[in-house]
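First listed ligand is number 1; within each ligand, the first listed atom is number 1. Along the sequence shown, residues are numbered consecutively beginning with 1.
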Amino acid sequence: MSLPLTRRNFVLGAGAASAAILTARRGMSSPATDTKVSIDLSKETGTIRPELHGHFAEHLGSCVYGGLWVGKNSKIPNVNGHRKQAVDYLKGLIPVLRWPGGCFADDYHWRDGIGPAAKRPNSVNIHWGMYTEDNSFGTHEFIELCRLIGAEPYLAANMGSGTPEEVRRWMEYCNYPKGSALAEERAANGSAAPFNVKYWGVGNENWGCGGNMNGDEYATEYRRFSTFMPKFGETAPFLIACGPNGNDKVWTQKFWGNMGRGRRPDGYAMHFYSNGRENTATHFTVENMRAQFESFPKIESAILEQRALLDTLAPAGGRNQPVGLLLDEWGVWDKMDPAEEKKYGKLFQQITMRSAVAGALGLNVVHRQAGKLVMSNIAQMVNVLHALLLTDEDQCVRTTTYYVYEMTKAHLGQMSVATENAAQGANELSISASRKEKELTITLINPKHDATLNVSCGLSGGSAAGATGRILQDGDLNAANTFATPDRITPKALQVAAQGGTVSVELPPLSVATVLVKLG
Ligand code: AHR
């Protein structure tokens, strides 16, 4: 039975987990504020497709080499060269994985990464440090990794320094069932079965590292490349065009203004990072944190505005399917620590409690706007930017962001439902909710460092018959799961009061909670 939540029974209530009591004590040291939210179960706003919890792995720093890929002869436990600990942690958590970039994609030549590893050439990574890579991780290894962790592969093809012929041949190599020279070559390299890759990016950030084009120039290139990207096997390719940097409307207008009669993209990829470049990840001030959190309402507006532009410039109807909007790269991008970058590779940053709150704020945007998006990929999965895992030699640490994904996975496949929040603003309580039959999943975030929130959540269109909860919390915004303290911040039980039309929880400062409500 769930009790109504008062401070007294929160601590004394029968069955209260000791972790919840601990959380309550921490919270009591900061002033408590009552806050009200509501969930309307009858207002459905779109399915939370699994792809909305997508990820990204680029040949950058130690994301792939040294991170995910340690090589078959490594002393680090591995599955055919893939770091075993990472595979175990990521299995079932990664619905879709984008590779090989990023900026790297527009200078990646897929042929360098197939065939016997010893014969693969060394190539220079011109975007991320001019170091050489031995190409031991290529197309087959990427597909194998996807299969090991249960992810749908998403290949980003090289438009920048490549040709339509090169992309076309990569597609044929991956997807043509058998009988062509490229299909036979794939079979000789170990996979008689086609890879059936569905998601194909046509370039990456072609307004920048992918060729410094304008939107109309990119449209011309897009039309040419996409003409040679047909359905090679059973899987119809879902072609993804490069969308804007942030909410750049001029790019979108120019691209669609010059799209003309070409093969229309199925998806349109927007990139939107949340910068925090004043201090390194573990030295954020409260002001730095609050400024970074301000980016999330901007991302939400960008989704709505870019979606509206797509509906106007590329309307569905007749033979035209709606074009899906992707939040293709997002996440926190903090000031890098040169010593850490030297040791762990480019764009390595520590992931703190503040990063976890930011990750959850981003996921709440994505959940709320599920009806407007077809995919969203946080950047990046391992050792780069807003990572889920950090590795050092044989150590592999689950970051706070890992736990945010693990806790919020329950939303996937559910119907997002409308929420209302009495306190508006980037640094106020954040909520998203989704429903499947008699299950309601709610994610609640307290982004404040100095106040506990007593949340009262009113339900309409349904009533609660019980609830359980989990919370990720640390009052120190710079606290992290480091190599020395890998388990400092992990999810704990959270007491929830759920009765009839009200669900109540107490959220201590800097916390992310997921509440699973049984509907009566
Ligand atoms: O994720 C790091 C980089 O950010 C990617 O390579 C690029 O697409 C973006 O600018």
**OP:** Show the numbers, then the answer: is there a side chain to side chain contact (heavy atoms under 4.5 Å, CB included) between Met407 and Leu363?
**Re:** CA-CA 11 Å; Met407 287 167 62; Leu363 286 182; over 6 Å; no
In Arg277, His283, His386, Gln292, the residue satisfying side chain to side chain donor-acceptor pair (under 3.5 Å) with Asp334 is Gln292
- Query: Are Arg470 and Glu406 within salt-bridge range, i.e. N to O under 4.0 Å?
  - Reply: yes
Output yes when Glu294 and Arg290 qualify as a salt bridge under the 4.0 Å nitrogen-oxygen rule, no when they do not. no
Sorted by chain and residue number, the ring-ring contact (aromatic ring centres under 6.0 Å, His included) partners of Tyr176 (sequence neighbours excluded) come out as none
Check whether Phe284 forms a cation-pi arrangement with Arg354 (NZ or CZ under 6.0 Å from the six-membered ring centre, at most 45° off the ring normal). yes
Close residues (non-hydrogen atom under 4.0 angstrom from ligand 1) work out to Phe56, Glu58, Leu60, Gly102, Cys103, Trp128, Asn204, Glu205, Tyr273, Glu329, Trp333, Gln380, Leu385
